[in-house]
Structures are given as C-alpha cells and as structure tokens.
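Here the structure is laid out as structure tokens; the discussion comes afterwards.
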Amino acid sequence: MQRDSVLRLESQHSSTGDVRGGSIERHRHPRFQSVLSLLPLLPLLSLVAIAVVGPLVIVADPDEQELLIRLQPPAWAGGSWDHPLGTDGLGRDLLARVAEGARFSLLIGVIAAVNAGVIGVMLGAFAGLAGGWIDRIITSLVTVEMAIPGIVIGIVITATLGQGLLNLIVILLLGGWIVYARIVRLQALALRQSEFVEAAHALGAGRFYVLRRHMLPNLAPTILVLFAQGIAAVMVYEATLTYLGLGLPIESVTLGSLVREGQQVVFSAWWAGLFPGLMIALAVVGFNFLADWIQARMRIDRIADM
Amino acid sequence: MARLALRALAILAGTIFFASSGIFFLIHLSGDPTYGFLPVNTSPEIRESVRERLGLDQPLLTQYCMFMRDAFTLDFGYSWSLRQPAAEAVLRVFPATMQLALIGTVSAVVVGVVLGVITSATRSGPLEWLLSATTLVGLAIPGFWLGTLLILLFAVELGWFPSSGSAGWRSMVLPIVALTLHPASMIARLVRANMRDVESTMYIRTARAKGVPTRAVQWRHMLPNAILPAVAYVGLHAAGLIGGAIVIESVFAWPGVGRMALQAALERDMPVIHAFVVLSAVMVTLVNILVDLTAMAIDPRLRSSQVMSNAT
C-alpha cells in the first residue's frame, strides 16, 4: 500500500517555512507510455551519449597539439572535417576536448550530487525526526552556511588545501548538501505529524523503524527529484569553480576550464568558448527536464528550490 | 525591528565564528602554515623566528582564541603578497563588488517582476511561450558563460561595450546583464505563478466588479500579494547573488574583492582570504536586512513582530 501512494507536496512550502499537511493520494502508473512522453529526456540522453560514447568514437586525442592548425574554425564555417568543431589555441581537436570535458564533468557531478544527497537527506531527515537540540544544531549549520557563497568555500579550500580532485569533491559536497537537508527536514517535520506515523508510534514502533519503513518511502519521490535538480546544480558549481581555476589543476579538461581557455582566445575564435558552454547548458536543461518528468510521472507538485 | 536586527547580528556572528573556525582548522590541517608563504629553501632559523613573530609557537588553544579575537575585531593580519594589512586591502575594493551585486540584484527584481506581471495577464499564447523559453534559457546558462557570450557578441562582434575594466557606465552594462538574467528568470516565473494564484481570490473579483482598471488591479491589488515569494527568493539566495558578482568580476576583470581573493587563494595569502570570507558574510547579511525591510514595506502583517524571510 505504501509503495503506490505518493506524498503530495504543497507548492512553495519552503518560501513561508511551513508545510501545510501531507495529504496522501493514490494513483497507478500508466501501463503504456507513448514515445512522446519520453521526449523531455532527449537533452539528457544526448549529453550522456556525447559524454559516454564520444571519447570511444572520436579518434582525435584531446591532448594532442598541432600548432600548424591552431584556431581552425568548425567544419561548416571554413574548417575541415578532420576537426568538426575546429581546434583551440594550441591546435587541439575541440570536439574531442568537449567530449572529454563532458565525461569528466558529468562523472564528478553525479558522484558529488549523490554523496551530497546522502549526507543532506540523512541530516535533514534526522533533524526533522529528532527535533529538539539536534534539529537546532543542524538548522543553524544550514543557516550559517547559507550566508557564505559557494564560491567563497571554493576559494578557502583551494587556499588552504591546494588543488586536486579530492579537494574539488569536498568543495562540491560542502556546497551541495544544504538544499537536500532543508527540504527533506521540512518534509520530515510534516510527516512526523501525519496520522500513519502517529499510528506506527502508537503500535510501539521505534524512531528508526518509523524512519526506515514509513518516512523514507514517502520521501523517496521528493529525494529523486532533488537528485536530478542537484546534479544540474553541482555541474554548474563545478564548471564555475574550474572556470575560475579553483579546485583542480589548471591543465585539467573540464567544461569549465574549456570555457576559460575559450575566453582567452575570444577575440579570434568564437567556437572555442561556445561549444563547451553549450554542453553545460544542455546538462542543466537535461537534468531539470528529468526532474520535471519524474514529478509529472509521480504526480507530485513542483518542488520550488526556494 | 529590534528582533530583526538581533537575528541578523546573531546569524552574522555565527557565520564569522563557524567560518573562522573552519579556516583555522584548515590552515593547521595542511601542516606548518609557514610553508604556505615562505619559500621552500628558507633556513630553519628564519622559519622559527617567523613562527614566533606570528604566534605560531603558542599552544593551539591560545592561537585559536587569538585568531577568533582578531576575526571579531576585523584585524586579519598583514598580507604578505599585497604588503599591507589584509582588512585594509579588502575594504578598499569592497565597494566595487557591492556596487555590482546591489545593482545586479535590483535590476533582476525589476526585470523579473515586470516580465512576470505582463505575462500573467495572458493564459496561453505566444507571449507565454516566449517567457517560458527565455526563462528556461536564463536558468540553463551559467553566469560566467553568459559573460563570455556577451563579450563575444557586444564587445568583439558589435563593439558596443568594452569587454573588461571599470571605466564609466558603459563597462557596467555587460556585467549587470550577465548578473541579471538568471535571478530575473526565476523571479519572473515565481511572480507569474503567484499572480495566477492571487487572481482567483475574492478581493480581486471585488476590485474588478467595482470597475478598477485592469492595469491598476494588476499592479496595485495583485502584485503586492504576489511578490512576497520573489522577495523571499532574493533573501534565501543572497549568498548566491553575491557569489555570482564575485564570479562575474573575474569574467570582466572588474576590480573587486573577487579577483583579489582568487589571486590570494592561488598564493595562499590567508589573511586576505580570512578578511574576504568575513566581508562576504557581512555582504550577505546586509542584503538580507534589505530584503526583510522591503518585505515589511510591502506587507503590513510582517511589521508587527514576525520576521518573514530567512525561513529555513
């Protein structure tokens, strides 16, 4: 029974800070779905295709420099089909670099978003469930961190610990867990007052049994949507950091560092900064469409990231 | 009012405390701090004398207390790369960042609200489609890439505005546009959705029935009731807006704290970093206070005792 019941979220609950009850509504998944309903997933699928299949199919080496053909325009703008998207300031194949950067950024984005999600969901559910001083500590942590811009966290970690992959992931985790914690905490607070949780308590169920058996299954759709939105947010965060040269060594190939390289040659080569940025936009649209798609399928109201 | 000020101060103090503790922890986690700024081949005697002068030979707890005292008295020490007190250096470029952040936020609110109100009048059609498409693009494009695109189009191709620097109003146009698009898209969507909710209320029906012109209904009756979520959005995302200004600074070579902090991060100049973190917390607090005051000016109910934004 629990499985096919879905928590209905009041829209924009978090803007006012209160959740007005969680009425439960049952529904069945549609047995057949038309191809049309899969259309919103197209941007994401094309991103994944470029990131996963790209590096396998493209023969050009993303790091191979050919200084004789530097800043060659894309094939349709006067270049050659040897380098479909043209070459960068050191004569490296841009298509191969964009695919390589997309693979790296997607991988880091998923890893960091999932880890931040696990931490945030756990802390948020714990705060909402336990209440009292635990809730107060976690809430004030969230409040304090919301007064510090994410970029500032990146600057502090880079200044003290230096550059490196692990440091980048630490930065992304520190900046990423808050959204999950805030929204899951509000949901958990509302769930705690719902009748079926009260009934479970009355029947003698312990706190963690209630959390595992009754609350997490009800939070699952929300968490799923937050994951999809979170990956997009983390990918933008990562791109911004690497664009600024924070977190990773300067020669790493990510979408952010490719935009930075492109900006350095912006007066002679428009393509070098354009295509990596397009991939970031594709990722944001793709994952947000995925989030909307999940919401529509699970019939939960829009979770505003407020 | 008093409660509001107290709350803002408490959050500010908490932020300075947590951030300073974190920085202290990180500095000492990464080993002997003198390795961060002295050359590797410095002789042990000089290293020792520097440690003594900076108080690094004291017990950790003493150092921590001194570090905290300095943070709250805004004395962050001497920046070795800029050759002046860190607080002074950061405060000198601070107004430039604040200027960018505040103008960017105000223009985002104005553009977002106007777009949201205008498009809320029509249920569907080309106007709504246009807004959805524009805001989708606005939300999908990261600020720094938008900056690059704007430079490409308006500085390189058309030559209308300079691509960098801070000479006159012309050099502010592109950074402000780059800062505006993302929050304005979000605000336009929020205002539009809330205008729709308000539209079906009884008092709007009453206003219409007694013959108030459509435009007056929209701007005088509906907007004040529909704008609060958008104002709350600005409050909740104050840190993001300040962070956005810091990023945009380095895209357009704007002489603010962001560029100074980035340089300091790569040179491991901790006094500057520390001053920068505390100041950005102050900036976020300032924006939050402004947001709370705005919300109270709009909604009389908030003037009594409740503080409306910052709901976590």
Side-chain angles (χ1 to χ4, degrees), chain A residues 11-12 14-18 139-163 182 185-186 232 235-237 239-240 243-246 255-256 259-260 262-263 266-267 270 273-274 276-278 280-285 288 302 304-306, chain B residues 11-12 14-15 17-19 22-23 26-27 29-30 36 136-137 139-145 147-149 151-152 156-157 163 190 193-194 228-229 232-233 236 238-240 242-244 246-247 250-251 258 261-262 264-266 268-270 273 276-277 280-281 284-285 288 308 310-312:
Chain A
S11 60
Q12 284 150 18
S14 45
S15 66
T16 47
D18 67 328
T139 311
S140 48
L141 261 182
V142 169
T143 312
V144 159
E145 227 201 282
M146 284 183 65
I148 304 175
I151 293 303
V152 175
I153 298 175
I155 288 177
V156 168
I157 301 278
T158 308
T160 48
L161 303 182
Q163 293 171 321
R182 278 179 50 235
R185 173 181 166 269
L186 288 174
M235 283 183 75
V236 170
Y237 190 19
T240 309
Y243 168 81
L244 295 172
L246 296 168
L255 293 177
V259 173
R260 184 189 59 227
Q263 206 195 347
V266 69
F267 286 95
W270 51 268
L274 185 73
L278 270 179
I280 303 173
L282 193 65
V284 177
V285 171
N288 277 307
R302 192 169 177 76
D305 172 25
M306 291 279 300
Chain B
I11 292 176
L12 183 62
T15 310
F17 175 77
F18 271 100
I23 290 174
L26 284 169
I27 289 175
L29 187 74
S30 50
L136 181 68
V137 170
L139 293 173
I141 296 182
F144 66 93
W145 187 51
T148 313
L149 290 182
I151 290 176
L152 198 60
V156 179
E157 291 295 321
S163 67
L190 277 174
N194 282 292
L228 282 180
Y233 167 85
L236 276 173
I242 303 280
I246 290 168
V247 174
S250 43
V251 178
L262 274 177
L266 298 179
R268 301 198 165 196
D269 194 346
M270 286 322 291
I273 299 291
F276 165 70
V277 173
S280 48
V284 175
T285 312
N288 264 313
M308 156 263 170
N310 288 325
T312 39

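Labels below follow one simple rule: chain letters A, B, ... track the order of the sequence lines, proteins then strands, and each chain is numbered from 1.
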_Heavy-atom proximity to chain A below 4.5 Å, by part of L266(B)_ = side chain
*Determine, step by step, whether L139(B) and V284(A) satisfy the side chain to side chain contact (heavy atoms under 4.5 Å, CB included) criterion, reporting the C-alpha distance in whole Å, the side-chain angles of both residues, the deciding distance to 0.1 Å, and the verdict.*
CA-CA 8 Å; L139(B) 293 173; V284(A) 177; 5.8 Å; no
*Give, as side chain, backbone, both or neither, the part of L152(B) having an atom under 4.5 angstrom from any heavy atom of chain A.*
both
*Output the option from I23(B), L262(B), I273(B) having the highest count of non-hydrogen pairs under 4.5 Å with chain A.*
L262(B)
*Of all the heavy-atom pairs spanning W145(B) and A281(A), show the shortest one and how long it is.*
CZ3-CB, 4.3 Å
*Which of V152(A), I157(A), V236(A), I153(A) touches chain B most, by non-hydrogen pairs under 4.5 Å*: V152(A)
_Structural part of T285(B) lying under 4.5 Å from a heavy atom of chain A_ = neither
_Counting only non-hydrogen atoms closer than 4.5 Å, does L274(A) touch chain B with its backbone (N, CA, C, O), its side chain (CB onward), both, or neither?_
both
*V284(B) side chain near I148(A) side chain, heavy-atom distance below 4.5 Å*: no
_With a 4.5 Å cut-off on side-chain heavy atoms, are L236(B) and R182(A) touching?_
yes
*Roughly how far, to the nearest 0.5 Å, is the CD1 atom of I155(A) from the CD1 atom of I246(B)?*
6.0 Å
*asked:* What part of L246(A) gets within 4.5 angstrom of chain B, counting heavy atoms only: side chain, backbone, both, or neither?
replied: side chain
*For Y237(A), enumerate each residue passing the ring pair (Phe, Tyr, Trp, His ring centres under 6.0 Å) test, keeping only those at least two apart in sequence or located in another chain.*
none
*What side chain to side chain donor-acceptor pair (under 3.5 Å) pairs are there with at least one residue in residues 145-155 of chain A, not counting sequence neighbours?*
E145(A)-W177(A)
*Are the side chains of V144(A) and I11(B) in touch, meaning some heavy atoms are under 4.5 Å apart?*
no
*Heavy atoms only, distances under 4.5 angstrom: which of G243(B), A281(B), A265(B) has the most pairs with chain A? Name it, please.*
A265(B)
_Region of A238(B) that comes under 4.5 Å of a non-hydrogen atom in chain A_ = neither
*asked:* Ignoring hydrogens, what is the shortest heavy-atom contact between A239(B) and M146(A)? Give both atom names and the distance.
replied: CB-O, 3.0 Å
_Toward chain A, the part of F17(B) with a non-hydrogen atom under 4.5 Å_ = neither
_For a 4.5 angstrom cut-off between non-hydrogen side-chain atoms, does Y243(A) reach V251(B)?_
yes
_Counting heavy-atom pairs closer than 4.5 Å to chain B, which one of T240(A), L141(A), I151(A) comes out on top?_
T240(A)
